[in-house]
Amino acid sequence: MKYILKNIKLFIKNEKMIFMLIVICVITSSFIIIFSYGLYQNYRMVEADEESKVNSIYIEILDSDSVTKEKLKRCVFSVSDKTNKHITMYGAYPVLEDLDNQYKTRVLNRFTIENKKIKRSELFERNIKQNGEIITGYYFTDEQEKNGDLVALLNVPDEYRENNTVYKNISELERKSRIKIQGKEYEIIGYHTASYAPLFPFESLDEDTVFQDEIFIYFDRPVKTSQYNELRNNFEKTFGSAIKFPDMYFIEKENTYFYNTILIISVLIAFLSAVNFSALYRFILSKRIKMLAVFRICGCTKGRAMIFFLAECMIITVPLFILTAIIYNELVIPVFDNYFEFISEVYSADIYMRISGIYIVTSLIVLFVMIKEFLNKSIREEKEGK
């Protein structure tokens, strides 16, 4: 072993440029093999995760008494962050006896989830602001939603609007500063024309509040199979027969050729990198002909010389592969995760070990062929020289 390490030290000292090229070849081939696996597995998961034609799901409520705020929160909090980040709005109609008979439309609470916390729906807020439907005041904030603050925007009554446009001075309405919901007094923070019912934080409702008719979920893109299955499982597990989750049709993808082409190119580049490594190492061996002759004079067989050179290659290759895998896992995957949806899910310690095994075995085979040919040629030339 000490002779191997000594040779490597001399190699680095005397052939810095060649050593750097070998390092680049090993890191490049290691990276491409690891990435090829992730790319292919991501493709398989994307292929299975087909898209629907719609970006919303409407869940029918069959038993209102069984669909409480406490259960609904538990259900939506159990949805993964990966799914919740694509949901722009949850909507539910609370049963509010003190309000239901006062307004033309039902009260509707809209919200989103972030880090297992209730947030206001930014999509709804943006829409009503763009449509000019907040007449006075402001829409409640994330902090007010999270804390369940007793604040509300009241709807502008019919007598103050025409074709959804306010045409009378509503200053007399602004004298009203409170509204009572579930026996609690809410501070009025503004007026709106988005609907005929007040708007207020979902978290301000009592935990035993029940919901009626339906729960809807809006996405920022067409619903995918994995998202649909996760939501269906969570809602049916939480509410059982109290709800009816809709069936959906999903569109098959046609990206097979594209991904297979990338995979083939990646494997080809990795193979060429391994060949380049062998070629560079052969150059080093060509400078060790005298050393090989001394070894043979001292009784070193061709087999022992083969083991010596292969061990030298592995001492260089294995640490570089491990280093590449660590950098890839810690620094590269977080970046690629923004472009390849499932790539962070396909790697594990076992997978890295398997990939490294395949890479090492492949490298050993290529190097074995090259070193064997070199040793045979050297021995043949030695004999012809005699």
Side-chain angles (χ1 to χ4, degrees), residues 42-62 67 69 71-94 106-131 133 139-140 142 145-146 194-195 199 201-203 211-239 242-255 334 336-346:
N42 180 79
Y43 155 67
R44 291 185 64 186
M45 296 178 75
V46 167
E47 188 178 41
D49 195 23
E50 298 165 351
E51 288 186 349
S52 67
K53 292 183 177 181
V54 297
N55 63 349
S56 59
I57 299 175
Y58 290 84
I59 305 159
E60 184 180 356
I61 296 176
L62 303 178
V67 182
K69 177 190 170 187
K71 281 187 176 181
L72 181 57
K73 285 172 61 177
R74 176 154 41 94
C75 180
V76 296
F77 287 163
S78 67
V79 176
S80 67
D81 292 337
K82 177 171 282 190
T83 295
N84 266 326
K85 77 177 183 179
H86 292 296
I87 294 176
T88 57
M89 191 189 304
Y90 286 97
Y93 299 92
R106 297 162 297 171
V107 174
L108 172 59
N109 289 109
R110 306 166 181 85
F111 59 92
T112 57
I113 307 296
E114 186 176 283
N115 299 323
K116 310 303 180 187
K117 300 289 184 182
I118 301 290
K119 284 188 61 179
R120 78 195 193 285
S121 171
E122 294 180 7
L123 172 66
F124 179 70
E125 179 185 11
R126 184 168 63 249
N127 287 344
I128 62 175
K129 283 182 176 179
Q130 288 176 351
N131 295 335
E133 293 172 325
Y139 195 76
F140 50 85
D142 279 337
E145 173 64 86
K146 183 178 73 174
S195 69
L199 306 174
F202 171 79
E203 280 285 50
F211 294 87
Q212 59 188 334
D213 299 332
E214 66 184 7
I215 299 167
F216 64 78
I217 306 171
Y218 289 167
F219 287 78
D220 60 0
R221 61 185 66 178
V223 182
K224 293 187 174 182
T225 307
S226 59
Q227 296 166 339
Y228 171 82
N229 289 337
E230 180 185 6
L231 287 166
R232 182 165 191 159
N233 290 337
N234 286 21
F235 271 85
E236 290 182 345
K237 181 179 179 180
T238 303
F239 298 110
I243 57 107
K244 181 180 179 182
F245 209 93
D247 295 325
M248 293 189 73
Y249 169 76
F250 292 91
I251 305 169
E252 294 184 0
K253 293 183 176 294
E254 296 294 341
N255 291 329
F336 280 0
D337 201 32
N338 296 320
Y339 304 97
F340 304 99
E341 186 172 358
F342 299 103
I343 201 164
S344 61
E345 300 177 13
V346 303

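The heavy-atom pair separating Tyr218 from Ser56 by the smallest distance is CD2-CB, 3.5 Å. Looking at every heavy atom in both residues, Cys75 comes nearest to Thr238 through CB-OG1, 3.6 Å.
Residues passing the side chain to side chain contact (heavy atoms under 4.5 Å, CB included) test with Glu230 are Val79, Ser80, Thr83, Asn234, sequence neighbours excluded. By the salt bridge (Lys or Arg N to Asp or Glu O under 4.0 Å) test, Lys69 is found to be paired with Glu203, Glu207, residues two or more places apart in sequence or in another chain being considered. In terms of the ring-ring contact (aromatic ring centres under 6.0 Å, His included) criterion, residue partners of Phe111 (sequence neighbours excluded) are, by chain and number, Tyr90, Phe202.
By the 6.0 Å contact criterion, NZ on Lys244 is open, its count of non-hydrogen atoms from other residues, nucleotides or ligands being 12 or less. Atom NZ of Lys73 has more than 12 heavy atoms from other residues, nucleotides or ligands within 6.0 Å.
Residues Asp220 and Lys85 fail the side-chain proximity criterion, which asks for heavy atoms closer than 4.5 Å. Put simply, the side chain of Met248 reaches to within 4.5 Å of the side chain of Ile57, judged on heavy atoms.
Under 4.0 Å is where a charged nitrogen must lie from a carboxylate oxygen, and between Glu114 and Lys119 at least one such pair does. Between Glu236 and Arg232 there is a salt bridge, with a side-chain nitrogen of the basic residue lying less than 4.0 Å from a carboxylate oxygen of the acidic one.
With hydrogens and angles disregarded, no donor-acceptor distance shorter than 3.5 Å links the side chain of Thr112 to the backbone of Thr88. Remark: side-chain polar atoms of Asn84 are paired, donor with acceptor, to backbone N or O of Val76 under 3.5 angstrom.
If you take CD1 on Ile59 and CG on Asp213, they are separated by 13.5 Å, rounding to the nearest 0.5 Å. To the nearest 0.5 Å, the span separating CZ on Phe245 from CZ on Phe239 amounts to 11.0 Å.
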